[in-house]
Protein chains: 2
Amino acid sequence: MTKHQMSQATTCPVARSVEVIADRWALLIVRDAFDGVRRFGDFQQGLGVARSVLANRLKSLVEAGIFQVQPASDGTSYQEYVLTPQGQSLFPVVVALRQWGERYLFGPHEAHSQLVDTATGQPLPLMQPVAVDGRTIAPEQARVNKVV
Amino acid sequence: MTKHQMSQATTCPVARSVEVIADRWALLIVRDAFDGVRRFGDFQQGLGVARSVLANRLKSLVEAGIFQVQPASDGTSYQEYVLTPQGQSLFPVVVALRQWGERYLFGPHEAHSQLVDTATGQPLPLMQPVAVDGRTIAPEQARVNKVV
DNA sequence: CAGTATCCCTCAAGATACTG
DNA sequence: CAGTATCTTGAGGGATACTG
């Protein structure tokens, strides 16, 4: 089954999301965007990705509605890549990945980058599980892919 | 920069998580596991993935500590692949991907699979944002990748 | 049924050089 | 600086056949 056939067929939102953003670079580009990066060169330097690859990914992400291109804010004639509302809605995905990584992929005393509240400047531990209607839901209480 | 070099260098939890699970199949395998799938053949049939690919992915996921292999519960001599606690902790990631997909990758009347509360049998809309210390946090209030 | 082994092939990724 | 064009390489994925 090809990717395209799959995207036509699947009724699973997880699968569709995976097709769009679950690749090596897309999520890191989005992460950097949340950190304020907007320019091609800054993405490129920060990620260490080949220019051609970055150009392709950004194009895909624009087509997917995650980024939009707009004139540079500093008056130069270049472009900026900024998250659309749809792209900003990926925040919980990035946070969930971050929380999981912090918890399982680092040693107890190993340093890692942290989430910071831009209002207070304080680090946000952010270790609460996803909440449903004000209560916490554990994996055992739900089935992820039940078709109804 | 190779993948391995990257895994040694990065202090970003998002990047480490991406290395482990952000590929085309891994997250779908985890999704199916949350839906109760445990056997090789069931994963294979459900995903439509090549056997060899599935075997590789499952091996990687076991090595990463996301799945563990255990004797089949039905008395046959085969194995079952079940999520470890670390693997179950990917629940928020899968849910976040699901929510985003539901919201942006489906038409208003297009059917999709849903999350179901196994206790009540009711579908869970699950559209609340990630909570921090009991309050809701919006993307604008935080930086994802600030190193502190 | 549950994998493993093999072959083939496509595409993603990197490097480099070039253009506006 | 911000891309585009081109080439090469290698890993990932599919199909098939084989084994316990």
Side-chain angles (χ1 to χ4, degrees), chain A residues 1-7 9-10 15 18-30 32-33 36-64 67-82, chain B residues 1-7 9-10 15 18-30 32-33 36-64 67-82:
Chain A
M1 190 187 327
T2 69
K3 212 173 183 178
H4 189 247
Q5 285 172 329
M6 208 169 114
S7 69
T10 185
V18 162
E19 286 178 54
V20 178
I21 42 148
D23 88 88
R24 176 137 112 250
W25 295 117
L27 279 164
L28 297 182
I29 293 170
V30 170
D32 281 1
V37 175
R38 297 173 158 228
R39 311 267 299 223
F40 186 92
D42 292 333
F43 284 113
Q44 199 273 323
Q45 190 175 354
L47 294 169
V49 61
R51 292 179 178 285
S52 51
V53 174
L54 178 61
N56 281 336
R57 274 288 160 283
L58 284 173
K59 190 176 298 182
S60 304
L61 291 169
V62 169
E63 286 170 2
F67 279 90
Q68 57 185 326
V69 173
Q70 65 182 37
S73 51
D74 60 2
T76 60
S77 61
Y78 298 122
Q79 302 184 113
E80 286 183 347
Y81 297 87
V82 299
Chain B
M1 190 187 325
T2 68
K3 214 174 184 181
H4 188 247
Q5 285 171 329
M6 206 168 116
S7 69
T10 186
V18 162
E19 287 178 52
V20 178
I21 41 146
D23 87 87
R24 176 135 112 253
W25 294 118
L27 279 165
L28 297 183
I29 293 171
V30 170
D32 281 1
V37 175
R38 299 175 156 223
R39 309 267 300 223
F40 187 92
D42 293 334
F43 283 113
Q44 199 274 321
Q45 189 175 356
L47 294 170
V49 60
R51 293 177 180 287
S52 52
V53 175
L54 177 60
N56 280 336
R57 273 290 161 280
L58 284 173
K59 191 177 297 183
S60 303
L61 291 169
V62 169
E63 286 169 2
F67 280 90
Q68 58 186 325
V69 174
Q70 65 182 37
S73 51
D74 60 2
T76 60
S77 61
Y78 299 121
Q79 301 183 115
E80 286 183 349
Y81 297 87
V82 299

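Throughout, protein chains are lettered first and strands after them, A, B, ... in sequence-line order, and every chain is numbered starting at 1.
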Over how many whole Å does the gap from R39(B) atom CZ to dG3(C) atom P extend? 9 Å
Nearest nucleotide by nearest heavy atom, which residue falls closer to the 5' end of DNA chain C, V53(A) or K59(B)? K59(B)
Looking at Q70(B), I want to see if its CD is surrounded by more than 12 non-hydrogen atoms of other residues, nucleotides or ligands under 6.0 Å. yes
Side-chain heavy atoms of I29(B) within contact of L54(B), under 4.5 Å: yes
Taking CD from Q45(B) and P from dC1(C), how many angstroms apart are they, rounded to a whole number? 9 Å
Nucleotide nearest F40(A) when distance is taken to its side chain, options dG3(C), dA13(C), dA2(D): dA2(D)
Please state how far atom CG in D23(A) lies from atom C1' in dA13(C), giving the value in whole angstrom units. 11 Å
Does a side-chain heavy-atom distance below 4.5 Å link W25(B) with V18(A)? no
Are V49(B) and R57(B) packed together at the side-chain level, in the sense that at least one heavy-atom pair is separated by less than 4.5 angstrom? no
Provide, to the nearest angstrom, the distance between the CD atom belonging to E80(B) and the P atom belonging to dA2(C). 10 Å
Protein-nucleotide distance (R24(A), atom CZ; dG10(D), atom C1'), rounded to Å: 11 Å
Least distance between heavy atoms, F67(A) atom then V30(A) atom: CE1-CG2, 4.1 Å
Spacing of L61(B) atom CG relative to dG3(C) atom P, expressed in whole Å: 14 Å
Hey, does Q79(A) reach any base, or is it just sugar-phosphate, or nothing, if we go heavy atoms under 4.0 Å? sugar-phosphate
Specify the separation, in whole Å, of atom CG of L28(B) and atom C1' of dG13(D). 14 Å
Pairwise 5' ranking along DNA chain D for S52(A) and Y78(A), keeping only the more 5' one: Y78(A)
Does dT16(C) have OP1 or OP2 sitting under 4.0 Å from an N or O in the side chain of R51(A)? no
Looking at every strand, decide which applies to Y81(B) at a 4.0 Å heavy-atom threshold: base, sugar-phosphate, or nothing. sugar-phosphate
According to a 3.5 Å limit on both distances, what stems of 3 or more consecutive Watson-Crick or G-U pairs are formed with DNA chain D? C:1-20 with D:1-20
I would like to know whether Y81(A) and V69(A) meet side chain to side chain contact (heavy atoms under 4.5 Å, CB included); could you show each step before the answer? CA-CA 5 Å; Y81(A) 297 87; V69(A) 173; 3.7 Å; yes
Let's go through F40(A) and R51(A) carefully: what are the C-alpha distance in whole Å and the side-chain angles of both, what is the deciding distance for side chain to side chain contact (heavy atoms under 4.5 Å, CB included) to 0.1 Å, and is it a yes or a no? CA-CA 9 Å; F40(A) 186 92; R51(A) 292 179 178 285; 3.8 Å; yes
Whole-Å distance separating the CZ atom of R38(A) from the C1' atom of dA2(D): 17 Å
